[in-house]
Amino acid sequence: AGAGEGGIFRGVVIHVNGYTTPSHSELKDLMAEHGGSFENYFSSARVTHVICANLTDAKLKQHQKEKNPVPVVHPNWVVESIRAGRLLPFAKYVLDRIRKEPGQSVLPVAPRPAAGGGTPKKRSRAEGGDLLNNVDSFFKNSRLHFIGSWKAKIEDVMAAAASLDPPKPDPPGAAPRRVVHVDIDCFFASVAVRENPSLEGKPVAVCHSESTKGTAEISSCSYEARKFGVRAGMRISDARDLCPSLVQAPYYFEKYQEISVVLYRTLLRSSARVQPVSIDEAYLDITGLGDPREICEDIRARFLGETGCTVSCGCSHNMLLAKIATSRAKPNGVFAISSDESEAFMADLAVREIPGVGWKSSRRLEEMGVATCGDLWRLSSKTALQKSFGAKQGELIWDYSRGIDSREVKSETKRHSVGAEINWGIRFEHREDAVRTLGKLAEEVERRLRRAGIRGRCITLKLKLRKPNAPPPPKFLGHGWCDNLSRSVTLASAADDAGLIAREAVALLLRLDADPREIRGLGIQITKLDEGQPAAADASEGRARSGGQPGILDTFMKAGRRAEAAGPSSSGGGGRGESVRLSDIDVNEQKYILSMIQVRQREQSKRKHFFEGFVGRERGAARWRGDAEGDPGPREPPREPSPEPGSALAAALGQARFSHEVAAVLAGAEAKDVVEWVLRSVESDLESIWRLLRAVRSLRGGGPEATAMGAEGLEEIEGLISKSVENVYKGTLPRDVCRGVGVECDDSHDKV
DNA sequence: ATCCTCCCCTAC
DNA sequence: TAAGGTAGGGGAGGAT
Ligand SMILES: Nc1ccn([C@H]2C[C@H](O)[C@@H](COP(=O)(O)OP(=O)(O)OP(=O)(O)O)O2)c(=O)n1
Ligand SMILES: [Mg+2]
């Protein structure tokens, strides 16, 4: 099963020297199978890597004579790259004898971060692969990933700092509370200034690009820059229009981490009840622990002394007012709001300043003629607000505008989800590109679940899909104007295995029926988290991992076996320690599991290149990691599709994954053949029928003469589908059916 | 009523 | 070049 043009060794040309494992000819085959090529004779012009296990003295000497030497790499590089499903950096595999040679430093060049494998010579940047072919380097450089994942790590800091034996505030309930809010001033920017003292007093913005014309986003900026209107989230080019003297500064992620730890250790000296908000911000409950102003000044002095950065503090009797006080305190100050002052404070406050009222809500309030909290007070009733914002949100705005907030400062909060996503640099050509990226995201999710010692039962796929008429995004490699879609599966037992998660995510991707070329973002989220790890889940986990078992089937098998109350499992085997009962799985899950069985059946049946005749380009069978690996352990027996396809058309329609593929098939098909297929398949293969319906509708919308059968043919088919689906399933069409036709449009808040 | 899924909004 | 993530709150609307 070659990966064709998408092979991981695309652009790699090897020459094998001496005796190796795998052998000469095995390596040749492996390269052919994974998109690379092989030279029998060495040529420094063509060969990109010499593969060699043992370098003789003579060979070493010869190598040293080369002015522009080709890297000499151990065969494990090839083997392990294949196992990893991607081109690994070869630097670690450069032979030691070469590595140690002085003057050869050009050799094991560290791969450029954005370049997936570190191929030394002109990598063919050809069509096919995703532009962002290295998920790791994205995460390494993403500031939002950095601040987003920091909270999980803060938990460790908090736990460790418990040994400091911090003072405990009065127990909750005893009113009134004394709450402090702490926030580092222009955090990233002030670190930049600290690292580069010459920036002191200048307008500074932190972002990746130095280029004035760049589309890099500003992460943080100094207060000098803010005077010009520069803000976090702006593009550097726009910021420079506002402030020509703006100085760009880079990120210092390790420093942020160190400083954040200092912040939390400092805070925990003052109170045991610290609620982390973010990398640079937290609440403290200091009820009964002393004078708030003194505590704040103590924190500020200690922190400044240890880090050279300033924090500002707000004090009041609740979290809301403490936070609002901090915004008045900034930069480098303390501000307190007493109970009797609070009304006066809120009166003139813009609604946008209420935490929880963002861009969208403030716009809606503006339309209602509300600009300040005072305006909100004059609204006739809370009910009116709740009508337009919903019960909770309406009440929140109503209360917050009056300075009312009954939340308690909580030092421990339970996580409800773990996820990873990428919405930048995503440009796929083939479905396998998306599958590959999902695999990496699943690994990332697995790492985080394991680190936290948790598993989850619900797997959600998040997808950003380019809007039909979206203009090219202004941001370099940005997602632009998208529809956001998500689909989820709930398993019967909690999972943390990357392989399993990836499989489910891929199945969900297929369910969404997206054209891979339109995908602009992908994410995986795990919810319904379980702290405990039942033994049965462990057993199934082991099997799923080693045998590449599909998780959902695993679930189904367990449930099915229990339902039959029969003895040994019919297939797939190895199940002891049953813990899942059919009655534990709700009806929706059962229905979904059944429909997934169908999907999986088709996925596993051999998919030769049915579309080549219909679609103008090659389509390989879908494959993922498990397919390429060795095959220990039991495997689900391959299933043949139950109705034997009667014609190429039927086969193509039955095996198409996406409505655009179906559309391509329809273009050359005859109406009567399609009708016949619908009649035959409507009971057995609803999935394909839905897909057909979407394809028909999109073709009908796409103008006349799009198909050989013409408009009447399409109309006939659509009518037939509606009727027979209704007959067979006697109900309304599932909501899904409408989706491919026109994804619900929201006038996105995207920064166009 | 309550739950579930999918979606939007918000904050850093 | 550039790195538009992560998590929680909560609403709409359908199923139970
Ligand atoms: N859109 C944003 C917002 C914040 N951050 C990062 C950089 C900030 O330095 C840090 C903390 O966010 P704050 O909202 O606290 O902003 P600052 O600390 O920079 O400024 P302030 O003085 O207003 O707190 O998070 C970011 O990368 N992108
Ligand atoms: Mg800050």
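Numbers restart at 1 for each chain; the letters A, B, ... are given by sequence-line order, proteins then strands.
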Of the nucleotides B:dC4, C:dT1, C:dG9, which has the atom closest to the A:S211 side chain?
C:dT1

Whole-Å distance between B:dC6 P and A:L512 CG?
9 Å

Using a cut-off of 4.0 Å on non-hydrogen atoms, how would the nucleic acid contact of A:T460 be classed: base, sugar-phosphate, or nothing?
nothing

Regarding A:E421, tell me which of base, sugar-phosphate or nothing describes its non-hydrogen contacts under 4.0 Å with the strands shown.
base

Counting only side-chain nitrogens and oxygens, does A:S149 get under 4.0 Å of the OP1 or OP2 atom of C:dG5?
no

Distance check needed: C:dA2 P versus A:L144 CG, whole Å only.
15 Å

Given C:dG4, is OP1 or OP2 found less than 4.0 Å from the side-chain N or O atoms of A:R143?
yes

Distance in angstrom units between A:Q248 CD and C:dA3 C1', rounded:
14 Å

Taking OP1 and OP2 of C:dG4, is either one under 4.0 Å from a side-chain nitrogen or oxygen of A:K475?
no

For A:R520 and C:dA3, what is the distance between atoms CZ and C1' respectively, to the nearest whole Å?
16 Å

Determine the contact category for A:K462: base if any of its heavy atoms lies under 4.0 Å from a base atom, sugar-phosphate if only primed atoms, P, OP1 or OP2 are that close, otherwise nothing.
nothing

Between A:D185 and A:S190, does any side-chain donor sit less than 3.5 Å from a side-chain acceptor?
no

Taking only the side-chain heavy atoms of A:F476 (C-beta and beyond), determine which of B:dA11, B:dC12, C:dT1 contains the nearest atom.
C:dT1

Side chain of A:K323 only, heavy atoms from C-beta on: which candidate in B:dC8, B:dC7, B:dC12 is closest?
B:dC12

What distance do A:I354 atom CD1 and A:L376 atom CG have between them, rounded to the nearest 0.5 Å?
5.5 Å

Testing B:dT5, C:dG5, C:dA3 for proximity to the side chain of A:T490, the answer is B:dT5

What's the closest nucleotide to the side chain of A:N484 if the choices are C:dG10, B:dC8, C:dG8?
B:dC8

Side chain of A:R415 (C-beta onward), nearest among C:dG11, C:dA7, C:dT6:
C:dA7

Using whole Å, report how far NZ of A:K464 lies from P of C:dA3.
16 Å

Choosing from C:dG8, C:dG5, B:dC7, which nucleotide comes nearest the side chain of A:R487?
B:dC7

I need the CD-C1' distance between A:Q393 and C:dA12, as an integer number of Å.
14 Å

Can you confirm whether the side chains of A:N423 and A:K464 place a donor and an acceptor under 3.5 Å from each other?
no

What's the CD1-C1' distance between A:I524 and C:dA7, to the nearest Å?
17 Å

Check this for me, if you would: do A:E444 and A:K440 make a salt bridge, where the nitrogen-to-carboxylate-oxygen distance has to be below 4.0 angstrom?
no

Return the value, rounded to whole Å, for the distance between atom CG of A:N141 and atom P of C:dG5.
13 Å

Pick base, sugar-phosphate or nothing for A:A232, based on heavy-atom distances below 4.0 Å to the nucleic acid.
nothing

If you assign A:L396 and A:I147 each to the DNA chain C nucleotide with the nearest heavy atom, which residue ends up on the more 5' nucleotide?
A:I147

Does A:S361 make a side-chain N or O approach to OP1 or OP2 of B:dC9 shorter than 4.0 Å?
no

Once you apply a heavy-atom cut-off of 4.0 Å, does A:H208 come out as touching a base, just sugar-phosphate, or nothing?
base

Shortest side-chain distance from A:F138, nucleotide among B:dT5, C:dA2, C:dG5
C:dG5

Would you say A:S486 reaches B:dT5's phosphate, i.e. side-chain N/O to OP1/OP2 under 4.0 Å?
no

Picking from B:dT5, C:dG4, C:dG10, which would you name as closest to the side chain of A:K392?
C:dG10

Identify whether the distance between the nearest side-chain nitrogen and carboxylate oxygen of A:R450 and A:E446 falls below 4.0 Å.
yes

Carboxylate-amine/guanidinium contact A:R455 A:E531, below 4.0 Å
no

Is A:T215 near enough to C:dT1 that one of its side-chain N or O atoms lies under 4.0 angstrom from OP1 or OP2?
no

The nucleotide from B:dC12, C:dG5, C:dA7 with an atom nearest the side chain of A:S417 is C:dA7

On DNA chain C, compare the nucleotides closest to A:E210 and A:Q525; which residue's is nearer the 5' end?
A:E210

With centres under 5.5 Å and planes under 30° as the test, does A:H479 stack with C:dG4?
yes

Check: A:G333 main-chain N/O paired with A:S312 side-chain donor or acceptor under 3.5 Å
yes

Counting the atoms with a prime plus P, OP1 and OP2 as sugar-phosphate, which does A:G478 contact under 4.0 Å by heavy atoms, base, sugar-phosphate, or nothing?
base

Is A:R407 touching bases, backbone alone, or none of the nucleic acid, heavy atoms closer than 4.0 Å?
nothing

Does C:dA7 have OP1 or OP2 under 4.0 Å away from a side-chain N or O of A:H416?
no

Classify A:F139 by what it touches in the nucleic acid, base, sugar-phosphate, or nothing, heavy-atom distance under 4.0 Å.
sugar-phosphate

Any chance you could measure A:I184, atom CD1, to A:L263, atom CG, to the nearest 0.5 Å?
4.5 Å

Could you tell me whether A:A152 contacts a base, only the sugar-phosphate backbone, or nothing, with contacts defined as non-hydrogen atoms closer than 4.0 Å?
nothing

